[in-house]
Amino acid sequence: RNLVELRPTSVDDLVAMVALYRPGPMEQIPNYIRGKNKPKTVTFLHPTLEPILKDTYGVIVYQEQVLQILQKMAGYTLGRADIVRKAIGKKKRDLMEQEEPRFIQGCIANGLDKNQAKTLWDLIQPFAGYSFNKAHATCYGLLAYQTAYLKTHYPAEYMAALLTTYSSNT
């Protein structure tokens with residue numbers, strides 16, 4: 001349903017959907033689809049976010065974008081941002097909660113007001129539930145595209161290969 005609504009025009013659209021279809025960023029799928037189909041509706045919480053989120057229609061999709069936001073918006077060093085990346089990768093919600101005050105203060109120091117900082121943190125927080133980096137999503141997206149192509153254009157060969165692969169698995 002989401003892919004039908006998205007109307008993908010490139011592999012990048014498939015890659016983004018693979019990354020978005022995770023418990024962390026899943027709630028942002030409608031915003032991504034709206035941004036893709038109606039680019040004039042795309043807005044950014046702060047102008048500094050535009051270069052980071054422009055390619056994903058204003059939506060945080062990948063772990064790398066979270067790292068960039070931590071650095072540019074909250075003044076994190078790359079090392080400190082990597083600690084948050086590890087918390088995201090290992091689904092350590094407790095570590096994410098410990099980072100919130102540091103993030104909010106860093107954002108305020110870099111020109112955001114407290115409400116903007118809190119809103120941005122609320123967008124990042126779900127990534128600790130489960131999210132993808134872009135390289136991982138790209139591999140899945142390309143494999144899904146190739147599989148769908150083969151299944152559509154070579155259905156007999158595809159099913160024969162699938163059945164052969166699993167023939168010994170009753």
*For Glu64 and Arg85, run salt bridge (charged side-chain N to carboxylate O under 4.0 Å, His left out): C-alpha distance rounded to whole Å, both residues' side-chain angles, the deciding distance at 0.1 Å, then the answer.*
CA-CA 8 Å; Glu64 292 89 344; Arg85 181 202 56 80; over 6 Å; no
*Could you label the plane-to-plane angle of the Phe103 and Trp121 rings as parallel, tilted or perpendicular, counting under 30° as parallel and over 60° as perpendicular?*
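If you compare the ring of Phe103 with that of Trp121, the planes turn out tilted.
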Minimum heavy-atom separation for [X] to [Y], with atom names?
X	Y	answer
Thr48	Lys72	CG2-CB, 4.3 Å
Ala117	Cys107	CB-CB, 3.6 Å
Pro25	Ile60	CB-O, 4.3 Å
Gly111	His46	O-NE2, 4.1 Å

Can you find a pair of side-chain heavy atoms, one from [X] and one from [Y], that are under 4.5 Å apart?
X	Y	answer
Val42	Phe44	yes
Met17	Ile29	yes
Val59	Leu20	yes
Asn2	Leu6	no
Ile124	Ile69	yes
Leu49	Met73	yes
Leu3	Pro8	yes
Gln65	Lys134	no

Within this structure, what is the [atom1]-[atom2] distance for the pair [X] and [Y], rounded to the nearest 0.5 Å?
X	Y	atom1	atom2	answer
Leu67	Leu70	CG	CG	6.0 Å
Ile104	Glu99	CD1	CD	11.5 Å
Tyr140	Thr147	OH	OG1	12.0 Å
Leu53	Thr43	CG	OG1	10.5 Å
Lys118	Ile108	NZ	CD1	12.0 Å
Leu112	Leu45	CG	CG	6.0 Å

*Start with the C-alpha distance between Gln28 and Leu123, add both sets of side-chain angles, then the distance that settles side chain to side chain contact (heavy atoms under 4.5 Å, CB included), and finish with yes or no.*
CA-CA 9 Å; Gln28 295 298 320; Leu123 291 171; 3.6 Å; yes
In terms of hydrophobic clustering (I, L, V, M, F, W, Y; side-chain heavy atoms under 4.5 Å; direct or indirect links), are [X] and [Y] co-clustered?
X	Y	value
Leu150	Val11	no
Leu120	Ile83	no
Tyr76	Leu95	no
Tyr166	Tyr154	yes
Tyr145	Leu143	no

*Begin with the C-alpha distance, continue with both residues' side-chain angles, and end with the deciding distance and a verdict on side chain to side chain contact (heavy atoms under 4.5 Å, CB included) for Gln63 and Phe132.*
CA-CA 6 Å; Gln63 288 178 359; Phe132 268 8; 5.8 Å; no
Please confirm whether the backbone N or O of [Y] pairs with a side-chain atom of [X], one donor and one acceptor, at under 3.5 Å?
X	Y	answer
Asp82	Leu78	no
Ser167	Thr164	yes
Thr56	Gly58	no

*Under 3.5 Å, is there a donor-acceptor pair linking the side chains of Gln68 and Tyr62?*
no
*Side-chain donor-acceptor pair present, Gln125, Asp122, cut-off under 3.5 Å*: no
*Atom OH of Tyr158 with >12 non-hydrogen neighbours under 6.0 angstrom*: yes
